[in-house]
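As structure tokens, the structure follows; a few thoughts come after it.
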Amino acid sequence: MADGAQNNAALRTDLYQLTMAQGYFQAGIGERQACFILSFRSNPFDGGFAVAAGLGPVLDYLRDWHFDEREIAYLATLPAPDGTPLFCPEFLEHLRDLRLSIDVAALPEGEICFAQEPLLRVTGPIEQCQLLETPLLNLINFSTLIATKAARCALAAGGAALLEFGLRRAQGPDGGLMASRAAYIGGCSATSNVEAGALYGIPVAGTHAHSWVMAFDDELTAFRAYARSAPNNLVLLVDTYDTLQGVRNAITVGREMRAQGHELLGIRIDSGDLAWRSKQARALLDEAGFAATKIYCSNELDEYTITSLKDQGAPIDVWAVGTRLATGYPTAALGGVYKLSALADDAGVWQPKLKLSDQSAKTTIPGVQSVRRYYRADGKLDGDLVYDVTNTPGVFVTDGVCPPAQGAPVTMFDPADMTRSKSFAPDAQSRELLQPVVASGTPHKDAAPAALSELRARTLAGLDTLNETHKRFLLPHSYPVGLEAGLARVRLRLIAQARGTDESVLFEEQ
């Protein structure tokens, strides 16, 4: 199993998912209907929002999910601590025949999202839902982290071209591909990753390295050779030796190529004081008649550095962001979780489930959850309501279209502080966020757009609907995500029951 791993490899999971699945099977409850919710507890990068990503790879993974013969054979070799087989033959035979029958509703890629609300709702036999926990988290967590980082860099760039140059520093080849895909969804203009361009249709871009200049006797000779090789893609890296002399050499070559009908498209600066050097370079280029030549900059860029350089008036046209984007620096992981939130009883009626914790942030939200997003009159986001589709009359609609609420205002409560609430007018504009993407184990054909450009456009449009206070990088305002009143009451009751407390006391306190 060391080589030839498949994209749909069912073993791409943690061991305890399989041992639990065997336990469900042996206890005779593997087919019991369950609901699991994938969400995250806090916004990444201490920011005010996130960008949902990874659904496309999730659907690809689920499309032909099964245990093949090699995987079954490997599981049969695993020993328990006492030396006996870890998995019984009956369970392995069961896995051989197992096919997904789950339903999935998801937040589309490119949607702006926030902590404490579901990105995926997975319902179906508890055994199947359990086996999918690790791969779903793996695919959603990393993609959402990188898409969010890219969106923050795009906000900092303010509409200027933003290139993703992170493959060489990414977490392995798979990480590099996922990072390139997610970064484009988040707002990058292009990637240096040619494989990602071929697989996903992402525009590719690049210049040349310092090694090109060093391979020739002098910089001017190197620039001339590159110009002959790439006359219609002439961007020259000018800081191999002396940056300003590099700019002058680029201008010399630019004049020579202009005489042949070609233009110097840009220069790239990859070191030093980027604000100071870019200003000096701009002055030299403009004075020489190359006002249209763009200045590319790289070198450990992120949203904070880009913002600082722009504040200093750096005339940079193209931002090439690498390591800090492709690795999600400085946030190591999104921290997404996948929790059981409801379980059907013998009569098929959903019963809400809650995990209690000494850490209040880890106390889960029960119910078969969905999310309704409310908007202000000016089109800006106003708040996200999390509700239980089985216990909120008049709220849930099966076609994904959410008409204006009727009657009384809709009130929601902050799950972290139930004394905080927010209400929406009965006629407030709203829409449902979770969309059905898998039915009876089969992904919908139209669940994910064929072109990533559609997802990128959704991200950029979504960012425009965010209030500026939620988009700032330092101490952003907290966007309101709350529990519908009925769900909030169910959660309080379950907390009281878990603690052995009279629930009426909790309700009186609220």
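Not measured: the values here are computed from a predicted model.
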Non-hydrogen atoms of [X] and [Y] that approach each other most closely:
X: R373; Y: D384; answer: NH2-OD2, 2.8 Å
X: M418; Y: F413; answer: O-CD2, 3.6 Å
X: T123; Y: C129; answer: C-SG, 4.0 Å
X: L434; Y: P118; answer: CD2-O, 3.6 Å
X: Q116; Y: V386; answer: O-CG2, 4.0 Å
X: T364; Y: K353; answer: OG1-O, 4.4 Å

Under the side chain to side chain donor-acceptor pair (under 3.5 Å) test, residues paired with [X] that sit two or more places apart:
X: E111; result: R431
X: T19; result: none
X: S421; result: none

Output side-chain donor-acceptor pairs under 3.5 Å for residues 34-44, partner residues at least two apart or in another chain, one line each.
{"unit_1": "N43", "atom_1": "OD1", "unit_2": "A115", "atom_2": "N", "d": "3.1"}
{"unit_1": "N43", "atom_1": "ND2", "unit_2": "G47", "atom_2": "O", "d": "3.4"}

Is it the case that the side chain of [X] and the backbone of [Y] share a donor-acceptor pair, with hydrogens and angles ignored and the cut-off at 3.5 Å?
X: D414; Y: G482; result: no
X: D14; Y: Y16; result: no
X: T13; Y: T134; result: no
X: T327; Y: A170; result: no

| said: For residues 186-195, which residue pairs pass the side-chain hydrogen bond (donor to acceptor under 3.5 Å, both in side chains) check, not counting sequence neighbours? | reply: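 Of all non-adjacent pairs touching residues 186-195, those that pass side-chain hydrogen bond (donor to acceptor under 3.5 Å, both in side chains) are E164-T191, S180-T191, S180-N193.
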| Below 4.0 angstrom, N of the basic side chain to O of the carboxylate: do R324 and E303 qualify? |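 Judged by the 4.0 Å cut-off on N to carboxylate O distance, R324 and E303 do not form a salt bridge.
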Scan side-chain atoms only and decide if [X] and [Y] contain a donor-acceptor pair under the 3.5 Å cut-off.
X: N299; Y: S271; answer: no
X: S143; Y: R181; answer: no
X: R372; Y: Y374; answer: yes
X: T305; Y: E300; answer: no

| Stepwise, does the salt bridge (charged side-chain N to carboxylate O under 4.0 Å, His left out) test hold for R458 with E109? | CA-CA 8 Å; R458 179 183 290 152; E109 290 190 276; over 6 Å; no
| field | Among E71, E69, E90, salt bridge (Lys or Arg N to Asp or Glu O under 4.0 Å) partner for R96 | value |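 The passing option is E69.
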| field | Residue pairs, two or more places apart or on separate chains, that pass ring pair (Phe, Tyr, Trp, His ring centres under 6.0 Å) and touch residues 101-141 | value |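 Listed once each, the pairs are F114-Y479.
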| request: Applying side chain to side chain donor-acceptor pair (under 3.5 Å) between H94 and each of E127, Q22, Q26, report the one that passes. | output: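 Running side chain to side chain donor-acceptor pair (under 3.5 Å) over E127, Q22, Q26 with H94 returns exactly one hit, E127.
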